[in-house]
Structure formats: structure tokens, C-alpha cells
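Okay, structure first, notes after.
Side-chain atoms are counted along with the backbone in the values below, which use heavy atoms only and exclude waters and symmetry mates. As the structure lists them, so they are numbered: ligands from 1, and atoms in each ligand from 1.
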Amino acid sequence: MFNLILFGPPGAGKGTQAIKIAGQFGWKHVSTGDILRAEVSQGTSLGLKVKTVMEAGHLVSDELLIEIMESVFRTNSSVEGFVLDGFPRTLKQAEELDKMLEKLGQKITLVLALEVNEDELVKRLLKRAQEQGRKDDTEEVIKNRLVQYHHHTKPLIDHYKRQNLFKEVFGEGTIEDIFMKLCTVIRN
Ligand code: AMP
């Protein structure tokens, strides 16, 4: 079982690369953002609870995310690997993830980060706003999401460095070139 965390700020290209990696290695792509957006668009009670938080660019509660991930692991027990995209995003989530995996007799295999300059991130997120009309890609909300990243998510780098699991790839260039670099690190 290969448990890969694809790490990086919003706009780093995690979603695009996670889909390609999952396809290449036959692993299950899990995007907590996609799961939450589906709940919102289906108007479920969970969706109603998280809609305003997401639209403001804030983080949904750790408890909810942990519940979602427990259910993901429960219902996908036979997959050969996971590509986690957008989770964990806080230290609490990372600690709970470690516990969840331990219970299953597993652990994180690799945390692979996409490194992209902040100007480029904002440019990409604004472009995505135009193309996909995501409600959380307006300039104000983008700022918020980057602040959340720096405040809550970036500290995870040290958590995973301490466990010797953290590796980084420069995330600017063509999608295909970045994908090749990621695959090389995964295979080694
Ligand atoms: P994403 O598509 O990964 O950028 O996620 C979109 C939004 O979903 C985020 O801005 C958060 O509001 C919420 N979200 C996704 N994953 C998480 C997470 N692990 N913890 C808290 N909130 C999350």
C-alpha cells in the first residue's frame, strides 16, 4: 500500500497532478475539496454546513474532515494506494491521520510537495476563477486561502520532515514535465 500525500498551497497544481499520478499507478485519488464541493452542490446537510465556510476561503472543521477521511478509508480497503489531495491541512488532521493509518496497520509512505512562487499562485487561482467559476477563487477569498495555508498547513512541513517523509518538487513549468519529476521521486 502506497499512501502519498500531495502537498502544497492552493493553486500549486495538486488536483491536476493527483489525477495523473492516480491514473499512472492505479491508486485512488482523494480530494477533500472535491468531496466537500459535491456535498455542497447536492445540498446535503453536510454541504449546507460547510458552504459558507468554503466560500469564505476558511478551513472546514477538523472533526468533519476526520469523519470524511475515516469513511474514505473504510470504504476503500482494497485499493493499492491513495493520493491524498488537500488533506491533511492542519496539525490536528495530520496527527489523526497518523492514528487512523496506524489502526489499519499502515503509515504515510511519502509527502510530496509542489513548490510554486506566491505571484504565480495568485495568477493561476485568478485564471481558474475565470475558467471554472469556483466561488472560492475571487481575489479576496484567494488571499484568505493563502493565509490559511501559511498559518495552518505550512507547519505540517516540519511535522513530516521530522518523520523523514517530506520531499519537494518545483511546480512551475509544463504539466507533463512536473508530472515526470513527481513520478521519478515516487519511484525512488
Ligand atoms: P481545495 O479544493 O482543496 O482547495 O479545497 C477547497 C476548500 O474546501 C478549502 O478552501 C476548505 O474550505 C475546504 N477543505 C478542503 N480540504 C480541507 C481540509 N483538509 N481541511 C479543512 N478544509 C478543507
Close N or O approach (V53, ligand 1; < 3.5 Å):
no
Answer yes or no: does an N/O atom from L36 fall short of 3.5 Å to an N/O atom of ligand 1?
no
Protein contact of [atom] - nearest heavy atom, named by residue and atom, plus distance:
{"atom": "atom 16 (N) of ligand 1", "value": "T32 OG1, 2.8 Å"}
{"atom": "atom 10 (O) of ligand 1", "value": "R145 NE, 3.7 Å"}
{"atom": "atom 22 (N) of ligand 1", "value": "V60 N, 3.1 Å"}

Got a salt bridge between E96 and K92, using NZ or NE/NH1/NH2 to carboxylate O under 4.0 Å?
yes
Carboxylate-amine/guanidinium proximity below 4.0 Å for R124 and E120:
yes
To the nearest 0.5 Å, atom CG of L112 lies from atom CG of L84 at 12.5 Å
CZ on R89 to CG on L59, rounded to 0.5 Å:
6.0 Å
Whether R37 lies under 4.0 Å from ligand 1, heavy atom
yes
Is a donor on one side and an acceptor on the other found under 3.5 Å between the side chain of E172 and the backbone of N117?
yes
Verify, without hydrogens or angle tests, whether K167 (side chain) and L110 (backbone) share a donor-acceptor contact under 3.5 angstrom.
no
Determine the interplanar angle of the W27 and F2 rings, folded into 0 to 90°, and report it as parallel if under 30°, tilted if 30 to 60°, perpendicular if over 60°.
parallel
Enumerated ligand 1 atoms positioned under 4.0 Å from heavy atoms of H58:
11 (C), 12 (O)
What atoms in ligand 1 come closer than 4.0 Å to a heavy atom of Q93?
18 (C), 19 (N), 20 (N), 21 (C)
May I ask which of K51, R89, E55, M54 has a heavy atom nearer to atom 1 (P) of ligand 1 than the others do?
R89
